[in-house]
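Accompanying notes for the structure given below.
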Amino acid sequence: MRLATWNVNSIRSRVDRVEAWLQRSDVDVLALQETKCKDEQFPEDRFRALGYDVAHVGHSQWNGVALLSRVGLSDVQVGFPGMPSWSSKEGVEPAQEARALGATCGGVQVWSLYVPNGRTLTDPHLQYKLEWLEALRVHAGGWLSEDTEAQVALVGDWNIAPQDDDVWDISVFSSSTHVSEPERAAFRGVVEAGFTDVVRPYTPGPGVYTYWDYTQLRFPRREGMRIDFVLGSPALTQRVTGARIDREERKGKGASDHAPVVVDLAD
DNA sequence: ATGGTAGTCAAACTA
């Protein structure tokens, strides 16, 4: 089984590229983040025509996560228990955002995750990010406590660079989110709960990234960040036979600022 | 030159 994750930065502006990529990538399950649309705007017919079942959650032009699967799509869950809420404006009741979607695909519990950005080190959004990751750690860790053989994949845009060589120049990030110790500790918490970065062994650094900012010629300068991850439970990690980051997809007009991350699993 | 790009939705916000 081949599993992939991709922050597409708007599915409506990217649907042609995603479709073309699916047609040549032989992917069984694709998790999407930042679809930036409501459910009724998601172009599910385009993917159904390629043989994929589709699940999506999106409430507005922000966030939005989806799962495409041609190996079954059942037990769809919108959000995870205890997922924190967020309100962008004072006076507006906080609500759960479209940042997590889970389903069973080919016997694997796959979660498409779009971790909150954090924005700046002093922004309340950073606290929201940390609380969101802590809630994920608690519940994903709980699944493993209940079933040590559980096949779970936590995939998506984590908005964290866990190690210094996951960014092109750590000195540029001294006052930035994504590399701060609290964020890295939150990421480590998920790892220590039993989830492993299954891609890194097949894509060793330094200089290997999944995201390049649109500005400042970051991509041609090879100035990126490794912030998109596939974290596997022990039973899933055992099945991994290969992985790659499809850097080619960051090239050309109409590219997302993230590249797809692909993992191969033994049957 | 005090910016630089891209997306959503049409001024400002998010990344």
Side-chain angles (χ1 to χ4, degrees), chain A residues 5-21 31-43 46 56-66 84-100 112-133 155-162 166-169 172-173 175-180 183 186-187 209-229 247-261:
Chain A
T5 183
W6 194 2
N7 177 322
V8 289
N9 186 24
S10 169
I11 192 59
R12 287 176 291 171
S13 68
R14 214 73 64 206
V15 61
D16 289 348
R17 274 188 85 129
V18 174
E19 182 182 71
W21 185 80
L32 301 172
Q33 300 86 38
E34 275 209 274
T35 58
K36 288 187 165 177
C37 68
K38 301 178 182 181
D39 289 341
E40 60 267 30
Q41 298 172 309
F42 189 85
R46 297 283 294 272
H56 175 261
V57 57
H59 307 309
S60 68
Q61 74 265 48
W62 307 123
N63 314 306
V65 286
S85 296
W86 172 256
S87 174
S88 56
K89 292 180 188 156
E90 283 196 37
V92 176
E93 192 64 21
Q96 290 190 336
E97 298 185 302
R99 294 182 177 275
S112 181
L113 304 172
Y114 179 45
V115 176
N117 177 285
R119 298 183 182 165
T120 69
L121 293 179
T122 55
D123 195 298
H125 206 257
L126 179 59
Q127 199 57 40
Y128 169 51
K129 178 181 193 174
L130 297 174
E131 290 168 3
W132 199 96
L133 286 160
V155 315
D157 178 357
W158 293 73
N159 270 316
I160 296 172
D166 293 326
V167 299
W168 79 92
D169 180 357
V172 174
F173 288 79
S175 302
S176 302
T177 58
H178 295 60
V179 301
S180 76
E183 288 163 274
F187 186 87
Y209 310 119
T210 64
Y211 161 86
W212 301 260
D213 197 288
Y214 284 125
T215 68
Q216 308 284 132
L217 298 172
R218 290 300 185 209
F219 184 66
R221 293 180 194 271
R222 298 181 175 267
E223 296 174 343
M225 305 171 71
R226 195 171 73 101
I227 57 177
D228 300 271
F229 297 96
R247 192 176 176 283
E248 292 299 304
E249 264 307 312
R250 182 61 179 80
K251 296 181 179 177
K253 198 166 175 61
S256 170
D257 43 1
H258 295 251
V261 178

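First the proteins, then the strands, lettered A, B, ... as listed; each starts at 1. The shown structure was predicted, so the numbers you read here are calculated from the model rather than taken from an experiment.
Distance A:E223 CD to B:dG4 C1': 13 Å, rounded to the nearest Å. To the nearest angstrom, C1' of B:dC13 lies 14 Å from CG of A:N9. A straight line from CG of A:D213 to C1' of B:dG3 spans 14 Å, rounded to a whole angstrom. Put simply, NZ on A:K89 is 9 Å from P on B:dC13, counting in whole angstrom units. Here B:dT14 presents its P atom at 11 Å from NZ of A:K36, a figure rounded to the nearest Å. Atom C1' of nucleotide B:dG7 and atom CG of A:L32 are separated by 16 Å, given to the nearest angstrom. The CG atom of A:N117 sits 19 Å away from the P atom of B:dA6 (whole-angstrom rounding). As rounded to whole Å, 14 Å separates atom P of B:dT8 from atom CG of A:N63.
Under the rule for a ring-ring contact (aromatic ring centres under 6.0 Å, His included), A:Y214 has no partner lying at least two apart in sequence or in another chain. For A:K251, the salt bridge (Lys or Arg N to Asp or Glu O under 4.0 Å) partners two or more places apart in sequence, or in a different chain, are A:E248. Here A:Y114 pairs with nothing under the ring-ring contact (aromatic ring centres under 6.0 Å, His included) rule; sequence neighbours left out. Among residues two or more places apart in sequence or in another chain, the ring-ring contact (aromatic ring centres under 6.0 Å, His included) test is passed with A:H59 by none.
Using the six-membered ring where Trp is involved, A:Y211 and A:H258 have ring planes that are tilted, between 30° and 60° apart. Classified by interplanar angle (parallel below 30°, tilted 30° to 60°, perpendicular above 60°), the ring pair A:Y128/A:W86 is parallel.
For A:Q216, the listed nucleotide lying nearest its side chain is B:dG4; candidates were B:dA15, B:dG4, B:dT14. When the nucleotides B:dT8, B:dA6, B:dT5 are ranked by their closest atom to the side chain of A:T215, B:dT5 comes out on top. For A:Y214, taking side-chain heavy atoms from C-beta onward, the closest of the listed nucleotides B:dA15, B:dT8, B:dT5 is B:dT5. Comparing atom distances between the A:S10 side chain and each of B:dT14, B:dT5, B:dT8 picks out B:dT8 as nearest.
Note on A:Y211: nothing from the nucleic acid sits closer than 4.0 angstrom, heavy atoms only. Residue contacts shown for A:R218 are absent, as no nucleic acid heavy atom lies under 4.0 Å away.
Positionally, the nearest nucleotide of DNA chain B for A:K38 lies more toward the 5' end than for the other of A:E34 and A:K38. Between A:G118 and A:I11, the one whose closest nucleotide on DNA chain B sits nearer the 5' end is A:I11.
Within residues 248-259 of chain A, no residue has a heavy atom under 4.0 Å from DNA chain B.
Residues A:N117 and A:K129 bring no donor and acceptor atom of their side chains to less than 3.5 Å of each other.
Residue A:R14 places at least one side-chain N or O closer than 4.0 Å to OP1 or OP2 of B:dG7. A:R12 has no side-chain polar atom (N or O) that falls below the 4.0 Å cut-off from OP1 or OP2 of B:dG7.
Applying the salt bridge (Lys or Arg N to Asp or Glu O under 4.0 Å) test to every pair with at least one member in residues 6-19 of chain A, sequence neighbours left out, gives these pairs: A:D16-A:R46, A:R17-A:E249, A:E19-A:R46.
Comparing B:dA10 with B:dT14, their C1' atoms sit 16 Å apart, to the nearest whole Å. Between B:dA12 and B:dA1, the distance separating the two C1' atoms is 24 Å to the nearest Å.
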